[in-house]
Amino acid sequence: MKTLGFIRSAKHTGRSVNDNPEFRFVVDALAEDGTFFETTVTEVIPRAQLSMCAAGAPLSIRYDPADRSHAIGDDNPDADVLNERIARYQCRRHPDELTYEQRMELNRNSVVKKALLESLRLTGKEEAGDWEAKVTVRITDNEAGDTVMNRTLYLNDKMLKLMVPGKYIGISVVPGKEDVFGIVTDIAAKVVPGKSGA
């Protein structure tokens, strides 16, 4: 089965192929139900891609459901499967945020737009290591005028550093349903060929 994992640790095995080092990764992989399981992946990594193998980096993998202890890298990830796994994981992590159906509609039908981040206010609530924030964004469309949208969502420390009021950010929104939007994350750009948002 195809899924998405996050590198917990990487160790050089001592082997190389065509001067490219082989690494054994310990990976936290997303199961079908949105939980994580630990697996190991041994792969030869081109030297040019070594910087993408840090702890926490996403990794597309394939595993045997009967024995999830070992997996292999996936050079042809399935965007639909990865988006579905990420949506289930996000629903488990933050059950009071968007529903699974809302997340999947964003994945399937949204367009990515630039929006002005007008305000971001932390509520003081923390859940699963992420901070709850009230966010207001503004999209300017010459034909329709300005659209202002508000949403409460959870942000990790990395996203908080990137979201500076007065700056433009990428958001995903379903046309005609501007009451729900997602923040475009770097996971979408690095791993999933389609769209993904928080």
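Start at 1 with the first residue, then count along the sequence.
- Taken to the nearest 0.5 Å, the CG atom of L122 stands 5.5 Å off from the CG atom of L160.
- Proximity of a side-chain donor or acceptor of T40 to a complementary backbone N or O of S69 within less than 3.5 Å is detected.
- Between R93 and E127, none of the side-chain N atoms (NZ, or NE/NH1/NH2) sits under 4.0 Å from a carboxylate O, so this pair counts as no salt bridge.
- Here CZ of R138 is found 9.5 Å from OH of Y168. Values are rounded to the nearest 0.5 Å.
- In this structure, the side chain of E97 engages the main chain of Y154 through a donor-acceptor pair within 3.5 Å.
- By the 4.5 Å heavy-atom criterion applied to side chains, V173 and V180 are not counted as neighbours.
- Here the straight-line distance linking atom CZ of R85 with atom CE of M1 works out to 4.5 Å at 0.5 Å rounding.
- Within the model, atoms CD of Q102 and CD of Q90 stand 12.5 Å from one another, a figure rounded to the nearest 0.5 Å.
- No side-chain donor-acceptor contact under 3.5 Å links K2 and Y63.
- Under a 4.0 Å N-O distance rule, the pair R8/E38 qualifies as a salt bridge.
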Under the side-chain hydrogen bond (donor to acceptor under 3.5 Å, both in side chains) criterion, do D157 and W131 qualify, and how do the steps go?
-> CA-CA 8 Å; D157 288 336; W131 300 96; 3.1 Å; yes
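- Contact annotation: the side chain of V41 never approaches that of I7 to less than 4.5 Å [non-hydrogen atoms, C-beta and beyond].
- For the pair R88/L30, no side-chain contact is recorded, criterion being any heavy-atom separation below 4.5 Å from C-beta on.
- Here L82 contributes atom CG and D74 contributes atom CG; the two are 7.5 Å apart, rounded to the nearest 0.5 Å.
- The line from CD of E105 to CG of L98 is 10.5 Å long, rounded to the nearest 0.5 Å.
- Residue D75 qualifies as open at atom CG: its count of foreign heavy atoms under 6.0 Å is 12 or below.
- The shortest distance between side-chain heavy atoms of T136 and V148 falls below 4.5 Å.
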